[in-house]
2 protein chains.
Amino acid sequence: MAQSDLREVSGKDDRIRARRLRETQNIFARLPATYAASRKQGQQILKRAAGLSIVEWRTLWDLAEVGPLTIRELALIQRTDHSLLSRALPDMRRKGLVEMRRDEEDGRQTIVELTTAGREAFDQAAPFMKRRREAMRAQFTPDELALFASFLDRFDDFLSQPIDDFLNEESAE
Amino acid sequence: MAQSDLREVSGKDDRIRARRLRETQNIFARLPATYAASRKQGQQILKRAAGLSIVEWRTLWDLAEVGPLTIRELALIQRTDHSLLSRALPDMRRKGLVEMRRDEEDGRQTIVELTTAGREAFDQAAPFMKRRREAMRAQFTPDELALFASFLDRFDDFLSQPIDDFLNEESAE
DNA sequence: AAAAATTACGTGACAAGTCATATATTTTTT
DNA sequence: AAAAAATATATGACTTGTCACGTAATTTTT
């Protein structure tokens, strides 16, 4: 590679580094990678600890904490779409982790309940997931964590706004 | 529905609310919903503004700012897997947004470059995306935003740690 | 009571990510 | 220079999420 080429590429590398760095301040731009890393870490721990997927873990946790729940309620707690659970639950039943039965009082609803095996799988994964939360929390002071959560609250509020509310405003500069 | 049932269900609703509230303090648990909402908002704006997907927008933006880039470099900037781009780019070429050519100096690499149409699509979407970033930033002071980003830095650092580093430690209580 | 509206769930189709593995090309080692 | 290692890309398979739409059951309105 010629001398001039070297200089050229290095200028490009600088521009790449600069762009990467700038995007670090852009919350929208960095959220995907942060979420992906968090998901990956969770999947890794759950797989090793109890052979569970994230959806399975969340569901077992909710059922262990709250007791029997409908699909709608599980989706509400997990802030996710009911279809995700609608698809995951039959598999979980097949694995013996949960029982599902039609609600006697409201025939539209399905009541999901932990089995003994489901409780055991939860008990097996729970200490590992707890250690993970503790290790994460140890990186922050309690005040910082509360502030972090409040920033996410504010960010969520912004995201729940109709887009026309800000798209039609004049640009700041 | 009988009186006793009403009381029972209301207790359950309280437990659901309590669980939902508690999970608000759990960064791991709320990240999926926040990310999903952010993605949805971006998709909505991009679709309306220029008929672009998120991956397409990011790629056009990077190319517009930095100039021609290889797939590897695009993935590096976007902090994502190269396979995502490997799949998206042929579509973008078909739509006339980018050109792709084999690097003469390194036959493994593909150089991606903006076309005129790609630049136009970028110019069309950019003001909307800018307004979005401004509207988001308006919810925070500059100090808060910097702090928010630094919290994400710290969270990312935690996530990049090998899981054994904390799984094998003793639990805090 | 019948009609209309709402709600719960299932399912198809898609987007945005991941990983693993194969292949071609370069680069490094011997 | 040949062999070995590393790198860039393509591709298949999977997970987690979305929305839209259909159907059955319940609730509300008329």
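Order of the sequence lines sets the chain letters (A, B, ...), proteins ahead of strands, with each chain counted from 1.
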5' to 3' on DNA chain C, which nucleotides open and close the contacts with chain B (atom under 4.0 Å from a heavy atom)?
C/dA15 to C/dT26
Would you give me the side-chain donor-acceptor pairs under 3.5 Å for residues 143-154 of chain B, sequence neighbours excluded?
residue, atom, partner, partner atom, Å
B/E144, OE1, A/R154, NH1, 2.8
B/E144, OE1, B/T141, N, 2.9
B/E144, OE2, A/R154, NH2, 3.2
B/S150, OG, B/L147, O, 2.8
B/D153, OD1, A/R30, NH1, 3.0
B/D153, OD1, A/R30, NH2, 2.8
B/R154, NH1, A/Q139, O, 2.8
B/R154, NH1, A/E144, OE1, 2.8
B/R154, NH2, A/E144, OE2, 3.2

Under 4.0 angstrom, heavy atoms only, what part of the nucleic acid is A/L84 near: base, sugar-phosphate, or nothing?
base
Would you mind classifying the nucleic acid contact of B/S86 as base, sugar-phosphate or nothing, using non-hydrogen atoms under 4.0 angstrom?
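Base contact - B/S86 has a heavy atom under 4.0 Å of at least one base atom.
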Expressed as a whole number of angstroms, how long is the span from [X]:[atom1] to [N]:[atom2]?
X      : N      : atom1 : atom2 : result
A/Q78  : D/dG17 : CD    : P     : 8 Å
B/D91  : D/dT11 : CG    : P     : 12 Å
A/L85  : D/dG17 : CG    : P     : 10 Å
B/L76  : D/dT9  : CG    : C1'   : 15 Å
B/E105 : D/dA8  : CD    : C1'   : 15 Å
B/R30  : D/dG17 : CZ    : P     : 15 Å
B/D81  : D/dT7  : CG    : C1'   : 14 Å

Between A/E65 and B/R15, does any NZ, NE, NH1 or NH2 come within less than 4.0 Å of an OD or OE carboxylate oxygen?
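Judged by the 4.0 Å cut-off on N to carboxylate O distance, B/R15 and A/E65 do not form a salt bridge.
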Considering only heavy atoms, which members of residues 33-58 of chain A lie under 4.0 Å from some atom of DNA chain D?
A/Y35, A/R39, A/Q43, A/S53, A/I54, A/V55, A/R58
With nearest nucleotides of DNA chain D determined for A/G107 and A/R87 from heavy-atom distances, which residue corresponds to the more 5′ nucleotide?
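The answer here is A/R87.
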Who pairs with B/A18 by side chain to side chain contact (heavy atoms under 4.5 Å, CB included), at least two apart in sequence or on another chain?
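Counting only residues at least two positions away or on another chain, B/A18 forms no side chain to side chain contact (heavy atoms under 4.5 Å, CB included).
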Decide if atom CZ of A/R133 counts as having more than 12 heavy atoms of other residues, nucleotides or ligands within a radius under 6.0 Å.
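For A/R133, atom CZ is crowded (more than 12 foreign heavy atoms under 6.0 Å).
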Which comes earlier along DNA chain C counting from the 5' end, the contact point of B/T80 or that of A/L89, where each point is its nearest nucleotide?
A/L89
Along DNA chain C (nearest heavy atom to each residue), the more 5'-positioned of A/T110 and B/R102:
A/T110
Does the side chain of B/T24 come under 3.5 Å of the side chain of A/R79 through a donor N or O and an acceptor N or O?
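Short answer, yes.
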Considering just the side-chain nitrogens and oxygens of A/S83, establish if one lies under 4.0 Å of OP1 or OP2 belonging to D/dT18.
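No.
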Between A/R108 and D/dA24, is there a contact of a side-chain N or O with OP1 or OP2 at under 4.0 Å?
no
Taking the ring of A/F166 and the ring of B/F128, is the distance between their centroids below 6.0 Å?
no
Any ring-ring contact (aromatic ring centres under 6.0 Å, His included) pairs touching residues 81-113 of chain B, not counting sequence neighbours?
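ring-ring contact (aromatic ring centres under 6.0 Å, His included) check on residues 81-113 of chain B returns no pairs.
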Identify, with sequence neighbours excluded, every residue that meets ring pair (Phe, Tyr, Trp, His ring centres under 6.0 Å) alongside A/Y35.
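Partners of A/Y35 by the ring pair (Phe, Tyr, Trp, His ring centres under 6.0 Å) criterion, ordered by chain and then number, come out as B/Y35.
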Check whether any side-chain heavy atom of B/M129 sits under 4.5 Å from a side-chain heavy atom of B/I45, and report yes or no.
yes
